[in-house]
Amino acid sequence: MTRGTVGRTGYRDISLYSPDRAPCRVDLSDNTNGWGMPPAAADAFSTAASAASTRYPSLYAAALKDALASYVGVSADMVTTGCGSDDVLDSSIRAFAEPGDRIAYPDPTFPMIPIFARMNGLVPVPVPLMSSYDVDVDGMRAANARVIYLCSPNNPTGAALSRRSIEAIVGAARGDQFVIIDEAYAEFAGVTVIDLIQRCDRLLVTRTMSKAFGLAGLRVGYAIGAPSLVAEVEKSRGPYKVNAMAERAAIAALGDGLAWVREHIELTIANRRRLIVELAMRRIRPIESDANFVFFPIARALGLARAMRERGVAVRPFEGLPLVSEGLSASNGAALRISIGPWEQLAEALDAFDEVRAQCE
Ligand code: PMP
């Protein structure tokens, strides 16, 4: 028997997503909610666990769509859901483009985008961010892509893209182009571009319940777009993607849990401000953050993060980022990203950071 290649040829260069997820006493590496989840969601989850596990969940999470529609202020036929916004992004890329088409995205951005692109046979086209960390509007247009992905606030930089740039890109989208705007961190920015959907029926805004809502382990993501667009994403997504417990917990989080969520968004913003002040006292200037994390260029980020992990604090290191700004040029493309959580955790992170820096100097 001859040994053939296993799987699709286009998958040969795709490696499994592998950030360091080893458990750590203080984990500030993945921008989830350091305070946990709304108690109302935890109660709904426990109740649903015995009542809802045996039968299939609803096909397209209709009750959750209703709750999300009233949270966002749109009609339910403008909402689709998925197994995390990962699933929603993957399904939309598949729905909007044919294999061989191009997808343009700012660089750096959410690292799963080029992976979803390849999984669906698309050609990834990274377009470096501007030195202000805003999107390069001309570069995006010149990429001549079928799908344009933007992330605002952007991960990993934390800065929201300017409304002007987003409007320019959405306004210039041709008849066969689609724009996806990932608003995973919008709750921490207090701004959204969902209103632009009224002007463009090829714009999809994706959101998640993994960050402000504290439900990352339950995997609930959603998107808002024109009903005709949402219907295509649902075809590509398929049925039963939000499990029954997750749907019940998410609905509770959007109902009785909403006050808890809002209170913790405020706490996050206050601690973000406080961490930036503390970092400034150490002569570190993070990029202005509109998200639940701060990001700053720093040389030898991998080594620093590894040493912090040995002291029980996980933060996210980056190396090899494009040298789009003075800061990233000075650090040779290395940076750290620290998620915002309860202040005791951030204080531990600062202590560990001080220790490992002192050792490196
Ligand atoms: N978009 C962005 C920008 C993210 O940072 C993340 C998670 N880190 C996601 C989407 C995916 O989130 P989830 O699948 O948990 O909804």
Side-chain angles (χ1 to χ4, degrees), residues 16-21 27-34 37 41 61 64 68 71-72 79-94 103 105-117 119 126 129 133 135 147-161 166 179-189 191-193 204-224 233 237 241-243 246-247 249-250 253-254 261 268 287 289-295 314-318 321 335 337-341:
L16 296 183
Y17 190 54
S18 62
D20 189 354
R21 303 284 330 126
D27 192 339
L28 302 172
S29 70
D30 65 2
N31 308 336
T32 49
N33 196 318
M37 65 162 91
L64 176 57
L68 287 166
Y71 169 63
V72 173
V79 181
T80 181
T81 62
C83 179
S85 55
D86 278 345
D87 181 35
V88 178
L89 288 163
D90 176 37
S91 305
S92 14
I93 290 171
R94 191 162 50 251
I103 176 168
Y105 52 89
D107 188 21
T109 197
F110 181 39
M112 285 304 294
I113 296 307
I115 299 176
F116 291 139
M119 280 164 59
L129 282 173
Y133 299 105
V135 57
V147 182
I148 293 175
Y149 167 90
L150 304 175
C151 184
S152 185
N154 188 44
N155 178 12
T157 49
L161 307 180
I166 294 177
V179 182
I180 300 173
I181 303 185
D182 183 340
E183 287 195 339
Y185 301 100
E187 275 90 355
F188 308 104
V191 289
T192 176
V193 293
L204 191 79
V205 177
T206 63
R207 292 275 191 97
T208 182
M209 299 195 73
S210 298
K211 312 297 179 184
F213 285 87
L215 302 182
L218 298 187
R219 315 301 301 122
V220 184
Y222 61 101
I224 304 107
V233 177
R237 185 207 83 147
K241 287 295 164 73
V242 178
N243 76 65
E247 183 174 12
L254 290 156
V261 171
T268 304
I287 295 172
S289 172
D290 299 296
N292 66 341
F293 54 87
V294 298
F295 171 94
V315 298
R316 183 70 184 270
F318 294 86
L321 296 177
R337 191 191 67 195
I338 304 180
S339 306
I340 301 298

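Order of appearance sets the numbers: ligands from 1, and atoms from 1 within every ligand.
- A pairwise comparison of heavy atoms in Asp87 and Gly82 identifies OD2-CA, 3.5 Å as the closest pair.
- Checked options Asn292, Thr268, Asp27, Asn31; the residue passing with Ser339 is Asn31 (criterion: side chain to side chain donor-acceptor pair (under 3.5 Å)).
- The atoms of ligand 1 that sit less than 4.0 Å from any heavy atom of Asp86 are 11 (C), 14 (O).
- For ligand 1, the atoms sitting less than 4.0 Å from at least one non-hydrogen atom of Cys151 are 3 (C), numbered in the order shown with element in parentheses.
- Protein heavy atom closest to atom 7 (C) of ligand 1, with residue, atom name and distance, is Lys211 NZ, 3.3 Å.
- Ranking the protein heavy atoms by distance from atom 9 (C) of ligand 1 puts Phe110 CZ, 3.4 Å first.
- The ligand atoms of ligand 1 that sit less than 4.0 angstrom from a heavy atom of Thr208 are 13 (P), 15 (O), 16 (O).
- Using modelled atom types, one side-chain atom of Arg237 and one backbone atom of Thr81 make a donor-acceptor pair closer than 3.5 Å.
- A centroid separation of less than 6.0 Å is found between the aromatic rings of Tyr71 and Phe213.
- The closest approach between any non-hydrogen atom of Asp182 and ligand 1 is below 4.0 Å.
- Looking only at side-chain heavy atoms (C-beta outward), Val220 and Leu64 come within less than 4.5 Å of each other.
- The ligand atoms of ligand 1 that sit less than 4.0 angstrom from a heavy atom of Gly84 are 14 (O), 16 (O).
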side-chain hydrogen bond (donor to acceptor under 3.5 Å, both in side chains), that's the test. Do Arg219 and Asn243 meet it? Break it down for me. CA-CA 9 Å; Arg219 315 301 301 122; Asn243 76 65; over 6 Å; no

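- Residue contacts with ligand 1: Arg219 is placed with a nitrogen or oxygen under 3.5 Å of a nitrogen or oxygen of the ligand (distance criterion only).
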Pair Tyr185, Phe293 - check ring-ring contact (aromatic ring centres under 6.0 Å, His included), show working. CA-CA 9 Å; Tyr185 301 100; Phe293 54 87; 5.0 Å; yes

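- Listed by atom number, the atoms of ligand 1 under 4.0 Å from Ser210 heavy atoms are 13 (P), 15 (O), 16 (O).
- Below 3.5 Å of separation, one finds an N or O of Asn155 facing an N or O of ligand 1.
- The only option from Asn155, Asp30, Thr157 that meets the side chain to side chain donor-acceptor pair (under 3.5 Å) definition with Arg337 turns out to be Asn155.
- Using a non-hydrogen distance threshold of 4.0 Å, Gly221 does not register as a contact of ligand 1.
- Checking Gly217, Gly82, Ser85 against atom 13 (P) of ligand 1, the nearest heavy atom belongs to Ser85.
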